[in-house]
Amino acid sequence: MNIKEKLTLSVGVLVSLIVALVALSVFSLQVLTATDPASPMADYGLTRALVLLLVFGALSIAIGVWMLVKLPQTVARPFQELTQGINEIANHNYDTELNLSGSRELEQLSANFNRMARRLRDYHNSSLSQLRVSKQYIETIIDSIDEPIICIDRNLMLYFINNEALDILNLRREEAVGKSAQDTAMRNDLLRRLLVGMDGHKEPETDEKKTEPLKIYADNKESYFQVKYLPVRMTCSDGSIKESGTVIMLKNITEFHKLDVAKTTFISTIYHELKTPISAILMSQQLLADNRVGGLNPEQKELSDSIRENGERLLSITGELLNMTQVESGALQLKPHITKPIELIDYAIKANQVQADKFHINIEVDYPKEKISKLYVDSEKIAWVLTNLLSNAIRYSSENDRVIIGALQQDEHHVMLYVQDFGRGIDPRYHESIFERYFRVPGTKIQGSGLGLSISRDFVEAHNGTLTVESELGKGSRFIVTLPV
Ligand code: ADP
C-alpha cells in the first residue's frame with residue numbers, strides 16, 4: 001500500500017466513524033423523543049443509545065489519536081533517513097545505504113538512492129585509482145631525470161625526491177618522503193644548505209644569475225651544482241594564486257666548472273705572457289717617437305702612432321680579461337683606503353685626455369663647492385671604473401661634443417659619481433644587457449670587447465655600490481656609480 005492509499009484509508013475510517021456517530025446520535029434522539037419517558041422502553045433505549053455512542057465515540061477518538069501520533073511519523077521518518085543519507089554522500093561516505101520500508105514509494109526511493117550511491121562509489125574508486133596511476137607515472141618521469149629534484153610543500157614537508165636527489169643527499173626514500181624537511185635537515189648538511197638557500201630565494205628567477213654553485217664532495221670527487229628554486233603556484237577555483245611549495249632543482253655543472261677554471265687559468269697565463277712583450281713594444285715605440293733619438297718622416301710617425309694605439313688597446317683588452325677572471329674566480333681582493341672623489345675623477349680625466357683631445361671633446365667637471373664625503377674604496381678599482389666610463393663616453397660621442405664627469409653627495413651615507421655624454425644614447429631595450437659579459441649594442445661599429453661595463457659593475461658591487469644607466473636614443477647617456485661612504 002502506498003502512502004496516499006494509507007492516508008485515504010485512515011481518513012476514510014475516521015470520517016465514517018464520525019458520520020456513524022452523528023447518525024447514531026440523531027437516530028437515538030428521534031427514538032428517544034418518540035418514546036414515552038414513563039415506559040420501561042425509554043430506559044432501555046437510553047442505555048442502548050449511550051452505550052452505542054460511547055463505543056463509537058471511543059473508537060473515533062482512538063483512531064484520531066492514532067492518526068495524530070502515527071501519521072506524522074510515517075511521513076517524517078523517511079525524510080529524516082533520506083536527509084541523513086544525502087549528508088553521508090556529501091561527506092564522501094559512498095557506502096551509505098537506505099532501507100526505507102512501509103510503502104512502495106519508499107522502497108522505490110531506497111532502491112534508487114542505493115543505486116546512486118553505488119555509482120558514485122564506483123566513480124570515486126575509479127578516479128582515485130586513475131589519479132594514483134597518473135601520480136605514479138609523473139613520479140617515474142621525474143625519477144628518470146638525471147638531475148636532482150626535490151619538492152617541498154608549503155608545510156615544509158618533503159613531498160617528493162627523485163633518485164638522483166636521494167643519491168646526492170645520501171638519504172633513503174622511506175626516511176625522507178613525507179617527513180619534515182627541517183627535521184631531516186638537522187641530520188643532513190646538504191639539505192640544510194638547500195633550505196637556507198630557499199629562504200633567500202623568494203624570487204629565484206631574478207636571482208638565478210647570482211647563485212653561487214653548490215660544491216658537493218661525494219665518491220672522492222668534487223661536483224658542482226647550480227641550484228634553482230622554483231615556487232609552486234597553484235590557481236584556485238576563485239582565480240586567486242596560492243603558494244603551494246617549492247621545487248629545488250640542481251643542475252650538475254661540474255664539467256662547465258672545470259672548463260671555466262681552465263679558461264681562467266688560460267687567460268691569466270696569456271695576460272702575464274703578453275704583458276711583457278706589449279710593454280716592450282710600447283717602450284720601443286716611445287723611444288722611436290722621441291725626437292732625441294732621431295726624427296721620423298710623416299709616414300713613419302703615422303705608423304709609430306698606430307703601433308702605440310694598437311699596443312695600448314691590446315694592453316687594455318688583456319687587462320680587462322684579467323679583471324674579469326679575477327672577478328669570476330673570486331680572487332678579486334679589494335685594498336680600500338680613504339680617497340677623495342675628486343682624486344678618482346682626476347685620474348680618469350688624465351687617462352682619457354689624449355683620446356678626448358684627439359676627438360676635440362671637452363671634458364667638464366661637475367664637482368660640488370660644499371664639502372663632500374670621502375670614500376673608503378679600492379681607489380685603483382673605482383678609478384678604473386670611472387676611466388672606463390669616461391672612455392666610453394668619449395668613444396660613443398661625436399667629435400666636438402662635450403662630456404661631464406662629476407660627483408655629488410646623494411645623501412648622508414652615499415656619494416654619487418657620474419659620467420654623462422651627449423652622444424648616440426642607448427636603446428632602453430639594452431639598458432640591462434650592456435652590463436652582461438661581451439654584450440655590445442647591435443650595430444655598434446666602434447671597436448670594443450663588451451667587457452668594460454660588466455667588469456665595472458662587478459667592481460662597484462664588490463664595494464656594495466651600484467652602477468646604473470639613464471639613457472635616451474639620440475640624446476646621450478648618464479652612467480651613475482653610487483657608493484656608500
Ligand atoms: P665596449 O665599449 O668595449 O664594447 P662596454 O662593456 O664598455 O664594452 O660597453 C658595452 C656596450 O654598451 C658597448 O658596446 C656600446 O654598444 C654600449 N655603450 C657603452 N657605453 C656607451 C655610451 N656612453 N653611449 C652609447 N653606448 C654605450
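Both counts, for ligands and for their atoms, begin at 1 and track the order of listing.
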Show me which atoms of ligand 1 lie under 4.0 Å from any heavy atom of T444.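 Listed by number with element, the hits are 16 (O).
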Hey, which atoms in ligand 1 end up nearer than 4.0 Å to a heavy atom of L451?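 The atoms of ligand 1 under 4.0 Å from a heavy atom of L451 are 6 (O), 8 (O).
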Exercise: do [X] and [Y] side chains pair donor with acceptor under 3.5 Å:
X	Y	answer
Q286	D290	no
Q409	S373	yes
R313	N310	no
H414	D411	yes
S456	N388	yes
D366	Y418	yes

May I ask you to check if ligand 1 and [X] share an N or O to N or O distance below 3.5 Å?
X	answer
R424	no
N388	no
G452	yes
S454	no

Heavy-atom nearest neighbour of atom 25 (C) of ligand 1 within options N392, I426, L389: I426
Selection from F422, Y438, F439, F479 by shortest heavy-atom distance to atom 11 (C) of ligand 1: F439
Ring-ring centroid check F439 Y430, cutoff 6.0 Å: yes
What class does the angle between the rings of W384 and F459 fall in, given that below 30° is parallel, 30 to 60° is tilted and above 60° is perpendicular? perpendicular
For ligand 1, is there an atom lying under 4.0 Å from some heavy atom of G450?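 Per 4.0 Å heavy-atom rule, G450 contacts ligand 1.
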So, does E320 sit close enough to ligand 1 that a heavy atom of it is under 4.0 Å from the ligand?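 Under 4.0 Å: no for E320.
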With R424 as the cation and Y396 as the aromatic partner, state whether NZ or CZ is under 6.0 Å from the six-membered ring centre and within 45° of the axis. no
Return the residue, atom name and 0.1 Å-rounded distance of the protein heavy atom closest to [atom].
atom	result
atom 12 (O) of ligand 1	I434 CG2, 3.3 Å
atom 17 (C) of ligand 1	V441 CG2, 3.9 Å
atom 23 (N) of ligand 1	D421 OD2, 2.9 Å
atom 5 (P) of ligand 1	L453 N, 3.7 Å

